[in-house]
Undergrad: 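Here it is: the structure, laid out below.
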Amino acid sequence: MSCRTEFAVRDYNLEATLASGQAFRWRQEPAGWEGVVNARWVRLQAGTRAIVAETAQPPEDWEWLARYLQVAVDLQAVLAAFPSDPCLQAAVQSCRGLRLLKQDPWECLASFILSSNKQIRQIEQVVARLCERWGEACERWGEAVAVPSGHLARFAFPSARRLAAGTETELRACKMGFRAPYLLETARRIASGVADLEAIGQMPVNEARRELMKLPGVGRKIADCVLLFGFGFGEAFPIDVWMARALRRFYFPGQEPGLKHLQEFAEAHFGPFAGYAQQYLFHFMRCRVARASKRTDGRR
DNA sequence: GTCCAGGTCTTCC
DNA sequence: GGAAGACATGGA
């Protein structure tokens, strides 16, 4: 098996997908997007009708990456099922080809516990520190993965078992602040079997959400992120500050509906692929703000 | 220096 | 069950 392969895709916006705040380990380098998936170093490049993937060592197969990237998803069918409201259609037009990834549930859960009240850039930094800090030097948490010769070291996401053996002080050293005890206790519950992510993934969505919300540091929003990005429950619709802002502005102008109201509206309005709609709206909002601040910079 | 960030938890009413 | 404040840290 070669270290290189191509996934034939249509309508796949790799950049929007990897940079849309659903995964936190991708870096844009001159040679492509580099990340770590399933403890393997990966480099991705968007071709015209394919994604070119490269690993450091030949994998036994490519199924794990095809699944992660969700290359088999029929995006046309997803978009066709969207309601035809102008706001969502504008979001789709602005970043056509945006996809949802299918991530490892534990990595997703741990990353989003670290996400609360933090900017995406900061989440990426904390996650990177978590993976690197006790990597090669200490071999306690992170596990160095094979990279191309001469390449900077990268590390696998530390398992729940590894984190559970750490201390709150060690976690705080990764600059995660008050989230440290949440992550530690959640890791311990999973490592000990008190909580079983595999079982949760098999439950009906509402039951799975209830179980996730029993974990410390996991409320409705983070639970929905894990349901959507980690378990692939397409109907999950995480509402964070950006989404609440977007929904209020576009669907309830002049009103101030509460979170619960927004949640009920989203469930009813966006249909079976609500999670996809959410990601389009989320990315759309962030791009609008980025463009607006760029314009402001230009005037200075 | 101030405000706010892909929230959650605790306390208080 | 809803509102208000605390919580670490760093970017804008």
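As a basis for the values below, the full set of heavy atoms in this structure was taken, side chains included, without hydrogen atoms, waters or symmetry mates. We name chains A, B, ... by the order of the sequence lines, and we start the count at 1 in each one.
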Undergrad: What is the nucleic acid contact for A:Gln279, judged by heavy atoms within less than 4.0 Å: base, sugar-phosphate only, or nothing?
TA: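 Contact class for A:Gln279: base.
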Undergrad: May I ask you to say what A:Gly21 touches in the nucleic acid, namely base, sugar-phosphate or nothing, with a heavy-atom cut-off under 4.0 Å?
TA: base
Undergrad: List the atom pairs, donor and acceptor, that lie under 3.5 Å between side-chain atoms in residues 238-254 of chain A and the rest of the protein, sequence neighbours left out.
TA:
unit_1: A:Asp240; atom_1: OD1; unit_2: A:Met243; atom_2: N; d: 3.0
unit_1: A:Asp240; atom_1: OD2; unit_2: A:Trp242; atom_2: N; d: 3.2
unit_1: A:Arg248; atom_1: NE; unit_2: A:Pro257; atom_2: O; d: 2.9
unit_1: A:Arg248; atom_1: NH2; unit_2: A:Pro257; atom_2: O; d: 3.0
unit_1: A:Tyr251; atom_1: OH; unit_2: A:Asp85; atom_2: OD1; d: 2.9
unit_1: A:Tyr251; atom_1: OH; unit_2: A:Asp85; atom_2: OD2; d: 3.2

Undergrad: Taking C:dG10 as the reference, what is the distance to B:dC9 when you measure between their C1' atoms (whole Å, please)?
TA: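 Pairwise C1' distance, B:dC9 against C:dG10, rounds to 22 Å.
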Undergrad: Which pairs pass side-chain hydrogen bond (donor to acceptor under 3.5 Å, both in side chains) with one or both residues in residues 253-262 of chain A, sequence neighbours excluded?
TA: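 Listed once each, the pairs would be none.
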Undergrad: I need the full list of side-chain hydrogen bond (donor to acceptor under 3.5 Å, both in side chains) pairs touching residues 191-201 of chain A, with sequence neighbours left out, sorted by first then second residue.
TA: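 Residue pairs with at least one partner in residues 191-201 of chain A: there are none.
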Undergrad: Would you grab the first and last nucleotide of DNA chain B (5' to 3') that comes under 4.0 Å of any non-hydrogen atom in chain A?
TA: B:dA5 to B:dC9
Undergrad: Between residues 218-231 of chain A and DNA chain B, which residues have a heavy-atom gap below 4.0 Å?
TA: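 The answer is A:Val218, A:Gly219, A:Arg220, A:Lys221, A:Ile222, A:Phe229.
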Undergrad: Closest nucleotide of DNA chain B for A:Pro216 versus for A:Arg121: which of these residues is on the 5' side?
TA: A:Arg121
Undergrad: Please list, by residue number, the residues of residues 240-249 of chain A whose heavy atoms come closer than 4.0 Å to an atom of DNA chain B; answer none if no residue qualifies.
TA: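 Listed by number, they are A:Asp240, A:Val241, A:Trp242, A:Met243, A:Arg245.
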Undergrad: Identify the 5'-most and 3'-most nucleotides of DNA chain C with at least one atom closer than 4.0 Å to a non-hydrogen atom of chain A.
TA: C:dC7 to C:dG11
Undergrad: Could you work out, with side-chain hydrogen bond (donor to acceptor under 3.5 Å, both in side chains) as the rule, every residue matching A:Gln278, not counting sequence neighbours?
TA: none
Undergrad: Checking all strands, does A:Lys118 fall into the base, sugar-phosphate, or nothing category for heavy-atom contacts under 4.0 angstrom?
TA: base
Undergrad: Could you list the residues that satisfy ring-ring contact (aromatic ring centres under 6.0 Å, His included) with A:Tyr12, not counting sequence neighbours?
TA: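 So A:Tyr12 forms no ring-ring contact (aromatic ring centres under 6.0 Å, His included) with any residue.
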Undergrad: Strictly by ring pair (Phe, Tyr, Trp, His ring centres under 6.0 Å), give each pair with a member in residues 31-59 of chain A just once, sequence neighbours left out.
TA: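 Every pair satisfying ring pair (Phe, Tyr, Trp, His ring centres under 6.0 Å) with a residue in residues 31-59 of chain A: A:Trp41-A:His151.
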Undergrad: Heavy-atom contacts under 4.0 Å between residues 254-272 of chain A and DNA chain B, which residues?
TA: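 Output list: empty, so none.
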Undergrad: Rounded to whole angstrom, note down the P distance from C:dA8 over to B:dT11.
TA: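 Going atom to atom, P in each nucleotide, I get 15 Å.
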Undergrad: If the P atom of B:dG6 is compared with that of C:dG5, how far apart are they to the nearest Å?
TA: 23 Å
Undergrad: Taking DNA chain B as the partner, which of residues 94-102 of chain A come within under 4.0 angstrom of it by heavy atom?
TA: none
Undergrad: With a 4.0 Å cut-off on heavy atoms, is A:Ser20 in touch with a base, just the backbone sugar-phosphate, or nothing at all?
TA: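 Since a base atom lies under 4.0 Å of A:Ser20, the category is base.
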Undergrad: Would you say the side-chain atoms of A:Glu107 pair up with the backbone N or O of A:Asp104, donor to acceptor, closer than 3.5 Å?
TA: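 Side chain of A:Glu107 to backbone of A:Asp104: no pair is present.
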Undergrad: On DNA chain C, nearest-nucleotide positions of A:Gln119 versus A:Ser116: which is more 5'?
TA: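 Upstream on the strand: A:Ser116.
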